[in-house]
2 protein chains.
Amino acid sequence: MNNPITEQAFLSQYNIHDFDVPLCTVDMTIFTVQDEQLKVLLVKRAQHPAMGQWALPGGFIDLENDTTIDDTAVRKLRQKTGVQTPYLEQVATVGNRLRDPRGWSLTVLYFALISSQGIELANDASSMEVVWMPYTKACDLSLAFDHHQLLEQSYQRLRSKVLYTSLPIHLMPTTFTLPRLQKTYEIILGAPLQKKSFRKRILDANIIEETGDKEPGVTRPAALYRAKAEHGLHVFPRTLEGVNCTP
Amino acid sequence: MNNPITEQAFLSQYNIHDFDVPLCTVDMTIFTVQDEQLKVLLVKRAQHPAMGQWALPGGFIDLENDTTIDDTAVRKLRQKTGVQTPYLEQVATVGNRLRDPRGWSLTVLYFALISSQGIELANDASSMEVVWMPYTKACDLSLAFDHHQLLEQSYQRLRSKVLYTSLPIHLMPTTFTLPRLQKTYEIILGAPLQKKSFRKRILDANIIEETGDKEPGVTRPAALYRAKAEHGLHVFPRTLEGVNCTP
DNA sequence: TGAATAGTGTCTGTGAGACAATATCGT
DNA sequence: ACGATATTGTCTCACAGACACTATTCA
């Protein structure tokens, strides 16, 4: 045995500052659909490094106050949007030597989906500006660090899950119509879907229910639905077909 | 502007040791199929903490030699198995205050799939023993840290992807028969599949090709196949049905 | 020839795609 | 009644499941 001391003794002399450790952060891709467009929340960084550049919101884990890494993500989201309970999903962790000028750095990437209804974007000391940026426009911008690649990864995850899950429900306000939900699918996929099969798919999944009301409008009013309690995420046994090209 | 210094000045005075940072590791779930069983590689830890306990192989990022976090995973895998180019996939990152007695800790969890053919398990200083443990048995053991939960997460990811991808091909030796591949699917899923539809599914996917040889045997010899170059991962448009219970 | 395993023929059911037809609103 | 949008009817096609049938090997 090469380690004759007790675990307690080992722990008492262990000091993480004796080791070279990577920088460790959480980055968020917060998506919403607004004005018939997929948008992503970007901040203009108020501090070094990459000061003045557009970036995904994110930051360090607060070892004092965050019990889990999901807490960090939730906290970041709340700071910018005030939203408490979004759909939140870990996308991937990207770590390498070059992505941050401060040194070997690792970031845990999340995406969140929220309805844009009644959201007030909020600055804090870390950002000069906070905006909903259309996804396509965000792709054209030069983003801080490797955030361009992170954004791309989040979108790919979002898009592929839209093909076989009920994810877009989390982008809707509490009540919504089936045509609006279909439109949301179409915006993310960048391709039209068939009305009939879309309705059947969603209704058969038994994840939404009619409120009984209709959406007022200039033409035939559509039935309003709400997500059933604890709908979480429905996984369909077949993917949407004919939608296999990235737009 | 609250930060009038230049980025260069900022970077020159930045020192990661001024901050509280989490412990940061990589853990591996290395799966193989052997003796008609799904097995996972476990090590008996030779060092504190959790010395003497069974654990998933893993360790710290080597900031000197690992350029990316995938490098760390590949290195860990090679240390234990000698395998160079397995199927490797990031499962999730688990970080919280309690999972490691040394403090706030974060681990990036990977799973790897390898054929058990011609693998020599290798000890190093960090482990007293390295074994292929049947998955069901590993679940019954008490594993170090939260490795029980990590193992469970990896298995769930593996199982769900087996339902709609060609993943198990990466568990096969370079040449294999369709009945063996089907058996591999069945072992992971814990349920039998229909011969006819399984064969059609795989062959239509156009990801394997006949070698022209037959596997010798006491009964009718089966045709040997190999994965086509650059097969990567095929995603089927439908999941396998009737296999929706976890065994 | 018979046991054992490999491989095929064929029917059913389900759900996505296509697209036409009908329903319901405001004006 | 008309334009616009919602909702439904119905046909086709691809593919997973079921299961019986045929093929090929060794002893």
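Model, not experiment: these values are computed from the prediction. Only heavy atoms go into these numbers, but all of them, side chains included; no hydrogens, no water, no symmetry mates. Chain letters run A, B, ... following the sequence lines, proteins first and then strands; every chain starts at 1.
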Would you say that more than 12 heavy atoms from the other residues, nucleotides or ligands in this model lie under 6.0 Å from the NZ of A/K44, or not?
yes

Before we go on, tell me: are the rings of B/Y225 and B/F176 under 6.0 Å apart, centre to centre?
no

Charged N-O contact under 4.0 Å between B/D124 and B/K80:
yes

Among all residues two or more places apart in sequence or in another chain, which pass the side-chain hydrogen bond (donor to acceptor under 3.5 Å, both in side chains) test with A/T25?
A/T107

How many angstroms lie between CG in B/L38 and CG in B/L171, if you round to the nearest 0.5 Å?
7.5 Å

Using atom names, set out every protein N or O paired with an N or O of nucleotides 11-14 of chain D below 3.5 Å, distance rounded to 0.1 Å.
residue : atom : partner : partner atom : Å
D/dA14  : N3   : B/R238  : NH2          : 2.7

Check DNA chain D against residues 165-183 of chain A and give the residues with a non-hydrogen atom under 4.0 Å, in numerical order.
A/P179

Is it the case that atom NZ in A/K137 sees more than 12 heavy atoms from other parts of the structure closer than 6.0 Å?
no

Describe, in one word, how the ring planes of B/F236 and B/H234 are oriented to each other, choosing from parallel (under 30°), tilted (30 to 60°) and perpendicular (over 60°).
perpendicular

Atom pairs and distances, donor-acceptor, side-chain atoms in residues 213-224 of chain A, under 3.5 Å, two or more places apart:
none

Residues touching DNA chain C, which here means a heavy atom under 4.0 Å, drawn from residues 207-223 of chain A:
A/G217, A/V218, A/T219, A/R220, A/P221

Selection: residues 196-206 of chain A, any non-hydrogen atom under 4.0 Å of DNA chain C
A/K196, A/S197, A/R201

Round to a whole Å and report the spacing from NZ of B/K195 to C1' of D/dC21.
10 Å

If I take atom CG in residue A/L193 and atom C1' in nucleotide C/dA16, what distance separates them, rounded to the nearest angstrom?
11 Å

Are more than 12 heavy atoms from other residues, nucleotides or ligands located less than 6.0 Å from atom NZ of B/K161?
yes

Relative to the ring of A/F198, is the ring of A/Y185 parallel (under 30°), tilted (30 to 60°) or perpendicular (over 60°)?
perpendicular

With a 4.0 Å cutoff (strictly under), does any side-chain N or O of A/Q194 reach OP1 or OP2 of C/dA16?
no

First locate atom OG of B/S127, then atom CD of B/Q79, and finally report the distance between them rounded to the nearest 0.5 Å.
8.5 Å

Whole-Å distance between C/dG15 C1' and A/E241 CD?
9 Å

So for atom CD, which belongs to A/Q117, do other residues, nucleotides or ligands contribute more than 12 heavy atoms lying within a distance under 6.0 Å?
no

Determine the interplanar angle of the B/Y87 and B/H170 rings, folded into 0 to 90°, and report it as parallel if under 30°, tilted if 30 to 60°, perpendicular if over 60°.
tilted

May I have the distance from B/L240 (atom CG) to D/dA18 (atom C1'), rounded to whole angstrom?
15 Å

